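No experiment lies behind these values; they were computed from the predicted model shown. Per chain, numbering begins at 1; letters A, B, ... match sequence-line order.
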Amino acid sequence: MSHHSTTPAATSAGKKPRWTREQKLAAQKGKNAASTKNTTRRPEREPRSRRDDYDSSRSDSRPQRGDDRRSENRSYGERRDNRSYGERRDNRSYGDRPQRSDERRYDNRRDDNRSYGERRDNRSYGDRPKRSDERRYDNRRDDNRSYGERRDNRSYGERRDNRSYGERRDDNRRYDDRRDDNRSSYGERPQRRTFARPQQTTTTRATAARIQEPIDMSDNGFAALGLPEVLVERLARDGITQPFPIQQAAIPDALAGRDVLGRGRTGSGKTLAFGLPTLTRLMGSKARPHQPRAIVLVPTRELAMQVSDALQPLVHVAGLHHKLVAGGMPYEPQLSALARGVDLLIATPGRLSDLIARGAADLSAVQIAILDEADHMAEMGFLEAITEILDLVPEGGQRLLFSATLDRGIDTVVDRYLTDPVTHSTDDGTASVTTMEHHALLIEPRDKKVVTAEVANRSGRTVVFVRTKLGADRVATELREQGIVAAALHGGLNQGQRNKVLSAFKDGRIPVLVATDVAARGIHVDDVSLVLQIDPPADHKDYLHRAGRTARAGEAGTVVTLALPHQRKGVQRLLDEAGVGIQLTKARPGDDIIAAAGGSRPSGDFVSQSTLEDLLTPPGQRDRGHRGGPRGYRGGPRRPGQGRGDYRGDRRGGRSERGYSRAGRD
DNA sequence: AAAAAAT
């Protein structure tokens, strides 16, 4: 069996390394993947494929393909060069702060002060010795460099050389040392390892400039896990020195090449749990054009941006390249990055499939495939897209599936794509609820709007979850009418608006976010102290994920769930299944229980549209005209046949009777 | 049943 566990060799040139059906079945025989117990290991299994395996498996790739793409790509780039200048900067800035909707296509990034400024700095400092206080900017250098590369595909090879030169400049010796360390860490290396302090043995002038203070590498839990020093050091610079439980548990097996099912409570650091071993295993090799070596699939664009941002500095110090590929963003940067070669691709399914269909992405060299929020990705609606993508990934590679709520729902995916997985469940799926304060309020439909406002009217950031996009728009408007600064976030907004709203919320300009489940999973915003569910979640897992937007990384948080009489039974069941252990409590506007949850009666001072638009516009972009004008944020899509600003018209005056969304219906 | 995910 262990023979089957290794990467299938590319036995003959030109043939894809595929297992036969028989081999696959044989390898799967006798396994019950999802039933593996917590932190179960299978000692009989040989450590799986190493970097060398991957290298050999890639010897069969077709070089002419890259050439074809290159020429395609060049013409693409030329055609678009003029106006997509702003776009080409880099997708990263999407996560930061976009702006006016009418300019979002091309000017978004440019108006993003921070990332723009950083990037400019980067470029201009690119050839200079770096100052230590520019450490953060260094992380962006990959993107900057690629900016230049993008313009000229012919000198692809040359730039590759340049790039590795640039990497080496960071620290030549350390980089090489690291490779040795990595190699030994794949399997035969003992668990514990002490890294030399960088300033003692391995510091060059370049690194000396980059390291502001000596990084204490002793007693570093990440080093003990066998991760390369460059990564450990980079984490330590951000004060991350001790792994969270899920990281502690999953990283060693992931480093060893095992397929891993990882479950850790919300906000427990799952991104690093799969990101660190993935980058480690990718280090030392380069991606060929159009052939990413690892992919991370995520359910929403925002989450894709977050994962990309979180891994960015680590990708950089690893000497690798990553790219965010998702819908709603310009194609050209994604196409050119792929043409250049991307080691780690972070993608939402739709755009990735699109790029594959265009021939821009080829998954035949993918060694590691990762599903974030795996149980969600295995649900109807995503499953088809996911299988389509995973079917293109060579069998025998590594698979990492992570979620706070990994359950049997992923069995089909596990059975089909995973080999001898090890399960690391550091927390029961419901563990996170214990760190939160929960309230479930049974209310009358006519009170819903007021209770919502009272609970949401508080100091601190609040996420209000609703069931529908329309509901999100409506509730946000109603909150503003009652004097609460709220904005809606849902998939019906264009990407520019989505970014704008989310960054305004992250910056604290908008204290209340009214969101659909687009924001239910994975999205991290600091200091969200209250999650208010005014429409019940679809199931207990959604309860956990929504609730998990608060109380992250050990912080406190409050979760308030509203239920109408007809929802009483269902909500109580959800609470039980989620392990919350509370009962519904009747509540009316002004009740003590609302005050106990931090809420208070809102001022009633109408928050105008222009005020909202002001707040949604990043500082530094304001007072440039348009304010309050016909452009900009309008609260999202309108119902057919309905004009802007009149969306109370079709409610027959019965809105408050019926409450929000499905309220009042059976 | 809705939302998400390509244009």
Side-chain angles (χ1 to χ4, degrees), chain A residues 76 80 84 87 91 94 104-105 295-307 324-335 338 345-361 371-390 392 403 405 409 463-475 488-499 501-502 513-523 533-539 541-543 545-546 549 566-567 570 574 636-637 639 660-666:
Chain A
Y76 209 111
R80 294 206 157 195
S84 60
E87 284 181 285
N91 55 315
Y94 266 111
R104 66 191 175 277
R105 288 293 293 175
I295 57 173
V296 182
L297 297 174
V298 296
T300 67
R301 298 168 185 176
E302 281 75 14
L303 191 49
M305 295 178 214
Q306 181 178 298
V307 170
L324 166 62
V325 152
M329 303 170 196
Y331 277 89
E332 199 278 337
Q334 299 175 8
L335 292 169
L338 284 163
L345 199 62
I346 297 148
T348 49
R351 179 60 70 89
L352 179 54
S353 292
D354 186 354
L355 293 172
I356 292 168
R358 290 169 181 244
L371 294 186
D372 197 6
E373 306 297 343
D375 58 320
H376 187 42
M377 304 292 265
E379 286 171 6
M380 291 290 295
F382 269 124
L383 186 58
E384 194 182 355
I386 292 309
T387 52
E388 181 190 325
I389 290 169
L390 291 182
L392 297 172
S403 180
T405 52
V463 180
V464 178
F465 280 106
V466 298
R467 193 180 58 97
T468 67
K469 294 183 263 200
L470 226 46
D473 287 332
R474 185 181 64 244
V475 171
L489 179 72
H490 57 72
L493 305 177
N494 64 50
Q495 196 56 45
Q497 289 169 330
R498 284 168 70 160
N499 294 334
V501 169
L502 189 57
L513 185 70
V514 185
T516 61
D517 280 332
V518 69
R521 285 179 176 251
I523 301 302
Q533 309 188 74
I534 66 174
D535 291 329
D539 60 30
K541 295 202 297 180
D542 284 347
Y543 184 103
H545 285 282
R546 285 173 163 192
R549 297 320 97 205
H566 74 283
Q567 299 167 328
L574 287 176
R639 272 174 276 197
Y660 302 122
S661 300
R662 293 182 70 196
R665 265 195 238 161
D666 295 318

Output all residues satisfying side-chain contact (heavy atoms from CB on, under 4.5 Å) with A:A304, sequence neighbours left out; order by chain, then residue number.
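A:A304 satisfies side-chain contact (heavy atoms from CB on, under 4.5 Å) with A:V298, A:L324, A:I346, A:T348 once adjacent residues are dropped.
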side-chain N/O [X] vs [N] OP1/OP2, d < 4.0 Å:
X      : N     : answer
A:S353 : B:dA5 : no
A:R498 : B:dA5 : yes
A:R521 : B:dA3 : no
A:T468 : B:dA1 : no

Under a 3.5 Å cutoff, is there a donor and acceptor pairing between the side chains of A:D517 and A:H545?
no
When rounded to the nearest 0.5 angstrom, what distance separates CG in A:L502 from CD1 in A:I523?
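Answer rounded to 0.5 Å: 6.5 Å.
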Rounded off to whole Å, could you give me the [atom1]-to-[atom2] distance for the [X] and [N] pair?
X      : N     : atom1 : atom2 : result
A:R474 : B:dA2 : CZ    : P     : 14 Å
A:R301 : B:dT7 : CZ    : P     : 6 Å
A:H545 : B:dA3 : NE2   : P     : 19 Å
A:D517 : B:dA5 : CG    : C1'   : 14 Å
A:E379 : B:dA2 : CD    : P     : 16 Å
A:L324 : B:dA5 : CG    : P     : 12 Å
A:I523 : B:dA5 : CD1   : P     : 10 Å
A:E384 : B:dA3 : CD    : P     : 20 Å

So what does A:G381 touch, heavy atoms closer than 4.0 Å: a base, only the sugar-phosphate, or nothing?
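It contacts base atoms.
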Between [options], which nucleotide gets closest to the side-chain atoms of [X]?
X      : options             : answer
A:R351 : B:dA5, B:dA6, B:dA2 : B:dA6
A:Y331 : B:dA5, B:dA6, B:dA2 : B:dA6
A:T348 : B:dA5, B:dA1, B:dA4 : B:dA5

Counterpart residues, side-chain hydrogen bond (donor to acceptor under 3.5 Å, both in side chains), relative to A:R301 (two or more places apart)
A:Q495
Under-4.0 Å salt bridge between A:D375 and A:R521
yes
